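Taking it in order: structure first as structure tokens, then the write-up.
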Amino acid sequence: MKKHFRRALIVASALVFVVFAPVSGAMAAAQRVVSMNLCTDQLLMLVADKTQIASLSHLARDETLAVMSARARNYPVNHGRAEEIYLSRPDLVLAGSYTQFNSINMLRGLGISVEQFAPVRSLKDIPANLRRIGALVGREARAEALVAAFQSQLAEAQRTERAENVPAAIYYANSYTAGQGTLMDEVVGAARLENIADRLSLTGTRSLPLELLVMESPDVLVTARKTGHPPALAHEVLRHPALRRTIHRQGEVAIHTKYTICGLPFITRAIEMLTKAGDVVASQADSRK
Amino acid sequence: MTARIPHSALIIVLSVGVLLGFGVSLSVGPAQIGPLEGVKALFAADGSPQAVVMQDIRLPRAILGVLIGATLGLSGAVLQGYLRNPLAEPGLIGVSASASLGAVIAIYTGFSLVFPLALPLMALAGAAVAGGVLNALAGQRGHTLTLILAGVAISSIATSLTSLALNLSPNPFAAMEIVFWMLGSLEDRSMQHVWLALPLMAIGWAMMLSLAKPLDALTLGEEAAATLGVNLRRLSLVAVIGTAASVGAATAVAGAIGFVGLVVPHLMRGVVGHQPSRLLLPSALAGAIMLTVADVGVRVIAPQSGLKLGVLTALVGAPFFLWLILSKRRSLL
């Protein structure tokens, strides 16, 4: 009996060690994290424990911009100003790499460590960012689980019987398109569509004249789903009769901005929609033959 | 100065110029379509990409270039004649800026989505408010300088309110659109815009062209004109409403395009002399040519970057404005 008890104790203590080992590692990791950027907000919510999140940017609650807007409501909000962030005594601040220069420099000057995340331009960056956050907040195992889930969802979203790539164009408000070197270009490629911006050798985010779009008349037109914001002239081009006459009858896919604005695992939702749109267009073309 | 070219010959030459400009405007664009192919596509009913580009993108753009240019040239000539001031033009007296403000309010309140005619009507209302204020100032035998200054004030108030409306708009594109309303563009307009603007422009033109005789009489001074039977009250009403209607419509579809209305009457005055009635039609035609050429220029100089039309007209117009001030100063001495 005693022997049994002893063994149980050894097993239990081993279990305790196993279970608490990562936690003791996390002790060195950040415990009060503030995020100043829509994309890092969501990365943080995905990877970190509830108790580690001190505040998120106010954009995280905007349901047109953030997939996780509902969950973001559980946390305090910041507006990216150095003063309020310093007063919340964070031990780590997450920020984007192109914004809020002054606030970030001031926080660094005050001795707070700030980690900056560049905009994601490739699908490969998504697992990398998940792992990076995982290391910062001491939740590597959680990050690995998310990476594995992302990779299987990606494979699922890309599943198609289609042999050839279907021509597609990305067309945003103000006639902007996304070519090589953008996340959207990779998303379109991952869905086995051929981005016409590459054919027109437009790289990065560039304006695409309506005339050229009409001349190429791609089978799939990827647009941003209208948000609840008040109307703007910028969207008028999407109602142009020339566009209606060529593309809309074939297949416009309006994707919510929130799925594509950040490089997050939710991007697989956009890839899935585009893969399906490509399948539909290809099957229509086959039945016409 | 006397006319060296017969008036009818000048009109014919300018009309040919308008047609040539129209043709060039149709054949310029980012899509590579040859002239012959383009003409065929213009009348094709097959819905091919070429036909869509020619019929739905280039044709409305070329038509609007001519209509808006004519509007600006004509209203510039009328305003300079009526105010007897060489600096008068729809942009300077605040009509364009107020029309922009009306259009901006219609768009950003979502009003234009509920009721499509709200956009031109609000632009027109904006122009009418500016016209009304000016008219109130001019009616009591307003000093032309007072009127110009009032126009400048109206213009800057309207411009800053436009900026304010866009500044407060939660739409992320609003900041970019300030540029459109202040500099103007014919990029990707459609036939809907032509049908929206044309009726009001035509009414404005008819009103302005009816002023030929009274404007001539006005060159003798207000009292002399009144003894000749010119109803000054009616003259100012027709001039202001005509300008507001046509420029308001032009601004509603293409934003505020500056300097065409200022420069063109001065250019034409050198050819037809100082008689206002002989200036009206040539100014309209030359305005159409100038704006069409500027719009071709925008597409040739920087086809990808979306150079705004108003930038080009201002680049040509502003040095001319300076030269005008300099030469006026010399003649005053």
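In what follows, every chain begins at residue 1, and chains take the letters A, B, ... in the order their sequences are listed. Side chains are part of it too, since the values below use all heavy atoms of this structure and drop only hydrogens, waters and symmetry mates. Just so it is clear, the structure is predicted and the values come from calculations on it, not from any experiment.
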Would the number of heavy atoms belonging to other residues, nucleotides or ligands and lying under 6.0 Å from [atom1] of [X] be above 12?
| X | atom1 | value |
| --- | --- | --- |
| A:Gln116 | CD | yes |
| A:Asn74 | CG | yes |
| A:Arg81 | CZ | no |

Taking distance alone, no hydrogens or angles, what donor-acceptor pairs closer than 3.5 Å link side-chain atoms of residues 20-41 of chain B to residues at least two apart or in another chain?
{"from": "B:Ser25", "atom 1": "OG", "to": "B:Arg299", "atom 2": "NH2", "distance (Å)": "2.8"}
{"from": "B:Ser27", "atom 1": "OG", "to": "B:Gly23", "atom 2": "O", "distance (Å)": "3.3"}
{"from": "B:Ser27", "atom 1": "OG", "to": "B:Val24", "atom 2": "O", "distance (Å)": "3.0"}
{"from": "B:Glu37", "atom 1": "OE1", "to": "B:Gly34", "atom 2": "N", "distance (Å)": "3.4"}
{"from": "B:Glu37", "atom 1": "OE2", "to": "B:Gln50", "atom 2": "NE2", "distance (Å)": "3.4"}

- Query: Does any non-hydrogen side-chain atom of B:Met191 lie less than 4.5 Å from one of A:Pro241?
  - Reply: no
- Item | Residue pair B:Ile57 / A:Ala242: nearest heavy atoms and the distance that separates them | CG1-CB, 3.6 Å
- Item | A:His240 to B:Asp188 - nearest heavy-atom pair and separation | CD2-O, 3.1 Å
- Query: Given B:Val53, which of A:Val214, A:Leu210, A:Leu213, A:Leu212 fulfils the side chain to side chain contact (heavy atoms under 4.5 Å, CB included) condition?
  - Reply: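 So the option named by the test is A:Val214.
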